[in-house]
Protein chains: 2
Amino acid sequence: MSPVHRTPPRTAPGDRALDSVMFALDRTSPVPLYYQLAQQLEAAIEHGALTPGNLLGNEVDLSARLGLSRPTVRQAVQSLVDKGLLVRRRGVGTQVVHSQVKRPLELSSLYDDLESAGQGPTTRVLRNEPLAAPADAAAALGLAEGTEVTVLERLRCTHGRPVALLRTYVPPALLELPTQRLESTGLYRMMRSAGIVLHSARQSVGARAATAEEAALLDEKEGAALLTMRRTAYDDTGRPVEYGSHVYRASRYAFDFQLLIRP
Amino acid sequence: MSPVHRTPPRTAPGDRALDSVMFALDRTSPVPLYYQLAQQLEAAIEHGALTPGNLLGNEVDLSARLGLSRPTVRQAVQSLVDKGLLVRRRGVGTQVVHSQVKRPLELSSLYDDLESAGQGPTTRVLRNEPLAAPADAAAALGLAEGTEVTVLERLRCTHGRPVALLRTYVPPALLELPTQRLESTGLYRMMRSAGIVLHSARQSVGARAATAEEAALLDEKEGAALLTMRRTAYDDTGRPVEYGSHVYRASRYAFDFQLLIRP
DNA sequence: GAGTGGTCTAGACCACTGA
DNA sequence: CAGTGGTCTAGACCACTCT
């Protein structure tokens with residue numbers, strides 16, 4: 001038996017590097033406390049102050065040390081668990097996931113489409129006009145076949161070379177779509193500016209051989225393997241706001257994404 | 001003005017069908033209350049008792065009516081918001097998403113791989129042996145190149161016809177992989193039985209032309225467009241447990257999934 | 001048995017929305 | 001303005017894991 005009366009130094013196998021990390025919470029900030037904490041925890045993990053091994057002292061101590069209630073600390077921790085950075089084990093503790101794969105890097109191509117404006121990628125609008133909706137677009141948008149919609153065809157390039165050919169159908173009168181702004185700003189930012197809040201999207205990814213026309217536009221050979229993607233996007237009321245049928249050069253593009261498996 | 005003193009009938013524009021729905025909460029059950037409530041809400045939505053329009057009375061009333069605290073009710077509602085079934089609007093209320101797309105149907109092919117055992121799909125193991133890890137597999141699994149791993153090659157069929165050719169590398173000594181159980185049970189179930197808890201996976205989907213060998217196995221023509229998918233799966237400690245490099249017949253398979261866009 | 005996360009309560013105040 | 005969700009507190013008991 002140890003002659004120590006107090007709690008021993010406690011550098012257990014799964015030692016808690018968190019003790020040395022300082023957190024600065026600003027109660028006057030409009031940013032929620034749980035969110036401030038989550039951000040600082042995430043930064044500490046990324047920056048390496050919190051090593052993958054095992055860690056993160058128990059929630060009761062942590063909340064006492066931070067001057068927060070346990071539910072608030074839990075809310076912060078939970079958000080990182082949802083991001084896949086932490087794992088909770090009942091009776092054990094909360095650990096930082098080993099993970100080579102730090103950044104979840106968000107999800108697949110929608111993210112690209114959301115962000116690809118201004119910087120490297122450029123977009124050329126090949127077509128932007130009203131059209132009687134074809135069967136697939138009408139079905140996806142919940143309209144009668146033949147309803148007038150706006151059809152866009154855009155050629156997306158990175159490093160000056162084509163990557164994707166995007167055909168998009170937008171419901172009538174949803175928003176103005178001046179070609180110039182489409183090329184400079186991107187469809188999703190225009191929607192956001194118009195007060196349309198994206199909520200979810202349904203995607204289907206497949207493959208097929210390039211047609212002669214696609215091959216010419218994309219600088220591929222006819223019959224080359226292309227990635228295809230059909231997507232219907234919905235706003236926060238569940239209303240479809242876009243249906244797209246796109247092809248990507250398989251030689252220059254792939255869909256990368258991380259899944260979290262939920263029990 | 002109405003001569004009524006009490007609260008009027010209150011069949012406002014966004015009327016609350018929830019008032020007529022009964023909830024049965026069992027406090028003796030080991031199932032958490034918030035989870036019971038979430039399930040019953042989800043069932044009510046799916047079954048149509050809660051119509052897409054607008055709905056769901058405020059959380060304070062709801063918790064009072066159910067005899068629960070507001071945080072508990074919030075936890076239930078939040079889980080459905082996370083699933084994309086409900087939308088909260090501050091100052092307005094919580095609404096059922098219109099959504100054509102009811103079932104989120106989980107995510108892409110991993111789900112298929114998890115579930116495709118026993119029923120329609122069958123799996124034939126073409127190869128199951130130790131092998132010095134090639135560069136890509138070693139990198140993905142965090143091993144030195146040439147480390148001995150187990151390589152699996154499996155041909156997956158539905159309706160008696162081939163759909164996919166799966167090449168999988170499993171770290172050494174992770175678990176036993178008898179061919180017969182692989183064909184009857186599936187890799188993921190075997191992992192689960194071995195106490196391996198899947199946590200996340202990184203996937204990359206692309207396309208390319210079929211080689212002669214692939215074409216022969218998959219009953220396609222050489223040069224046909226195939227979907228390709230590379231996946232590294234991790235368990236809950238962040239340890240890589242599988243690296244796969246797979247090809248799917250584009251004529252018979254596509255990756256379908258739903259994204260939720262988070263602000 | 002000690003320590004952990006999982007769940008739950010009964011309040012409180014604030015920020016935003018809409019009439 | 002009243003009503004809504006968003007955040008936060010300070011406790012409580014339970015279920016599980018590990019030693």
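The sequence lines fix the lettering, A, B, ..., with proteins before strands; numbering per chain opens at 1. Note that the coordinates shown come from a computational prediction; the quantities given were computed from them, not determined experimentally.
- Listed pair B:T72 / C:dT9 meets the phosphate criterion, a side-chain N or O lying under 4.0 Å from OP1 or OP2.
- Residues A:P71 and B:E59 both approach DNA chain D. Their nearest nucleotides, taken by heavy-atom distance, put B:E59 toward the 5′ side.
- OP1 and OP2 of C:dC8 both lie 4.0 Å or more from every side-chain N or O belonging to B:Y34.
- Going from atom CD of A:Q78 over to atom C1' of C:dG6 covers 10 Å, rounded to whole Å.
- Of all non-hydrogen atoms in A:L141 and A:E242, the two that sit nearest each other are CD2-C, 3.8 Å.
- Remark: aromatic rings of A:F255 and B:F255 are distant, center separation not under 6.0 Å.
- Atom CG in A:L37 sits about 10 Å away from atom P in D:dC8, given to the nearest Å.
- Crowding of A:R230 atom CZ: a count of heavy atoms from other residues, nucleotides or ligands under 6.0 Å not exceeding 12.
- Note: CZ (A:R74) to P (D:dG11) measures 18 Å, nearest angstrom.
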Generate the contact string for nucleotides 13-19 of chain D. Rules: B means base contact, S means sugar-phosphate contact only, - means no protein heavy atom under 4.0 Å. --BBB--
Could you walk me through whether B:Q95 and B:R88 pass the side-chain hydrogen bond (donor to acceptor under 3.5 Å, both in side chains) test, one step at a time? CA-CA 6 Å; B:Q95 306 174 313; B:R88 288 195 216 256; over 6 Å; no
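- Map B:V60 and A:R27 each onto its nearest nucleotide of DNA chain D; the residue landing nearer the 5' end is B:V60.
- Nucleotide D:dC8 holds its P atom 13 Å from the CG atom of A:L66, rounded to whole Å.
- Axis orientation changes by 20° from one end of the helix from C:dG1-D:dC18 to C:dG18-D:dC1 to the other, with each end axis drawn from 5 pairs and the value rounded to 10°.
- Between A:E42 and A:K83 a salt bridge is recorded (basic side-chain N to carboxylate O distance below 4.0 Å).
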Using the side chain to side chain contact (heavy atoms under 4.5 Å, CB included) rule, take A:D26 and A:V31 through it: C-alpha gap first, then chi angles, then the decisive distance, then the call. CA-CA 8 Å; A:D26 177 4; A:V31 178; over 6 Å; no
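- Protein atom CG of A:L25 is 13 Å distant from nucleotide atom C1' of D:dC8, rounded to whole Å.
- As a whole-Å value, the separation of A:Q75 CD from D:dT7 C1' is 7 Å.
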Please report the C-alpha distance between B:N58 and B:D61 in whole Å, then the side-chain angles of each, then the deciding distance to 0.1 Å, and finally whether the side chain to side chain contact (heavy atoms under 4.5 Å, CB included) criterion is met. CA-CA 6 Å; B:N58 74 61; B:D61 284 0; 3.3 Å; yes
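- Between B:V170 and B:V149, the shortest heavy-atom distance links the atoms O-CB, 3.4 Å.
- Residues A:T147 and A:P172 come closest through the heavy atom pair CG2-CG, 4.4 Å.
- Atom CD of B:Q36 is separated from atom P of C:dT7 by 12 Å (rounded to the nearest Å).
- A close approach under 4.0 Å does not occur between any side-chain nitrogen or oxygen of A:S69 and OP1 or OP2 of D:dG11.
- Distances shown here put every side-chain N or O of A:N58 at or beyond 4.0 Å from the OP1 or OP2 atom of C:dG3.
- Going from atom CG of A:D61 over to atom C1' of C:dA2 covers 13 Å, rounded to whole Å.
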